[in-house]
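Only one structure is covered here, and it is reproduced in the block below.
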Amino acid sequence: MVIHHKILKGMVIPLGILVIWQIIAMHVNNSFILPGWNEILPFLLTPLAPLFGGPSLLENSLVSLERVLAGFLLAILIAIPLGLLCGWSDEVYTYINPFVQMIRPVPPIAWMPLAIAWFSIGFGSILFIIFIGSFFPVLISTLDGVRAIRVLWLDVAQTLGATPLEKFTTVIAPAAFPFIWTGLRVAFGIAWMCVVAAEMLPGTSSGLGYLIMYAYNLGQIQVIVAGMVVIGIIGILFDYLFRAGQSRLFTWQGKE
Amino acid sequence: MTGILPSDILRLTALSKSFLDGFHVCQALADVSFSVQKNEIVCLMGPSGCGKSTVLRIIAGLEAADSGTVQSGDCLNASCVHAAMIFQEHGLFPWLTVYDNIAYGLRLRVRSGKEGEIKETVTGLLALMHLEAFTGSLPHQLSGGMKQRVAIARALAIQPLILLMDEPFSGLDLFTRQELEDEILRIRNNYHTTFLFVTHNPEEAVYLADRIIVLSERPAVAREIIPVPFPHPRDTRDPGFIGIVRQITGRIRLKEEDVHQD
């Protein structure tokens, strides 16, 4: 019951904003400036209907999701092993860290012109942007995870007969896993922002970002808002999945 | 030094060890020699910072001595001494259940498909350490004393030749501590385990040990070996017991004063 109360309390402000929005929209009475929810909801309730003679809201969402997952997985596949390696070997860390620190502050979307030059417009360049966006949070959290491991655990493993490889698989990897998971959660959020931004740039022809820009050109503000709502919902959904995984997988974390 | 006695399970000869402390070379051990016999409980005492833990870490193979030897049976260096170590902090893996923590060392050794044997050993140890009710618990759900019980079971699981204990009970309350001290004596009697036990507490040393080795201040030398001739269980109020406690306390204090005069 307590949980239900919390959820209800959390809904008060969003619902309040919706109501205020609707009241203002009725006063403004201009859907180019502020469309009412009576105009926006129909788009959200018919996600399968073709929009502007093209793909539906759902199809565009799936395209964006597919791009995010591809770039995200690619980033994970490289960042986690590299992070574990850097955390394990000071030598590798010394070589890699300055490079990482130099590249990291560049906003992923600033890579777009180069990405287009290298991979041309479309899937390749968007994938690259998402990769850049999600790579660093995963790498850095993996690194932090490995570096936060208590020497005591490694000593215990060694006195019980663990080889260096066994220390890696039975101590370092499980101890770093919660940190990595947090990195994945942060990285997915960034990747999701990157895909929408990348799709808004000229040259793309599908995805939620594209849909929003296309609707803007047509003056269909209702569709823009509908697109934003879907982006938000998908973002919340994945964040929820990551958090649910966290509380299930790492009940031990922070409680030694 | 005499030769190796057949009953010696571990023999340290002229161990020395220095650390680099900033830009200073700091010598922790100068010339530490002693031996431990099978089924014996030997306590290692000395002023704080004299290198007691370093001796254990060298035997466990966690650190290398600069010179000197660690001998055990046919084994002539520390890397092959089959020792397990209990640390001041329990060092349990917080992501593993009590069962899996105890099975950890066995799973490293018995590499394939002998889960049946592992289960038998772990179940036995859970019973020995009175942990049956906590088989599936995670370490954070246990009290400090329980955690140290799991750590002891985990170390016993690999059937070590000698159990090295580095102030294992110093973080526990008096009652839990006494309980675990009695467990140590019980394990020694039933399983013929050998213990090398570092402690700061003279009473604990006299309560447990067959012999107490007092290390000197830094750089450490094993100068005095004090036998404790009383049978178990020992009465901490017995005048003889108190006499040895006083004797040891005096030796260690004296040495700490020497250090302060330098």
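Every heavy atom of this structure was used, including side-chain atoms; hydrogens, water molecules and symmetry mates were not.
Only the backbone of L92(B) comes within contact range of chain A, with at least one heavy atom under 4.5 Å from a heavy atom of that chain. Of the two parts of R57(B), only the side chain, counted from C-beta on, holds a non-hydrogen atom closer than 4.5 Å to a non-hydrogen atom of chain A.
For the atom pair OG1 of T159(A) and CG of L163(B), the computed distance is 9.5 Å after rounding to the nearest 0.5 Å. L108(B) contributes atom CG, which lies 8.0 Å from atom OG1 of T169(A) (distance to the nearest 0.5 angstrom). Atoms CZ and CH2, from F87(B) and W153(A) in turn, are 13.5 Å apart once rounded to the nearest 0.5 Å.
Within a 6.0 Å radius of CG in L237(A), more than 12 heavy atoms belonging to other residues, nucleotides or ligands are found. Counted within 6.0 Å of CZ on F19(B), heavy atoms from surrounding residues, nucleotides or ligands total more than 12; the atom is thus considered enclosed. No more than 12 heavy atoms of other residues, nucleotides or ligands lie within 6.0 Å of CD in E66(A), so this atom counts as exposed by the packing criterion. Within a 6.0 Å radius of CZ in R186(B), other residues, nucleotides and ligands contribute more than 12 heavy atoms. Environment of CD in E120(B): sparse, with no more than 12 heavy atoms of neighbouring residues, nucleotides or ligands closer than 6.0 Å.
F93(B) approaches V171(A) most closely through the heavy-atom pair CE2-CG2, 3.8 Å. In this structure, L160(A) and Y104(B) approach most closely via the heavy-atom pair CD1-CD2, 3.7 Å.
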Does D155(A) form a side chain to side chain contact (heavy atoms under 4.5 Å, CB included) with M85(B)? I'd like the steps, not just the answer.
CA-CA 9 Å; D155(A) 283 350; M85(B) 187 153 168; over 6 Å; no

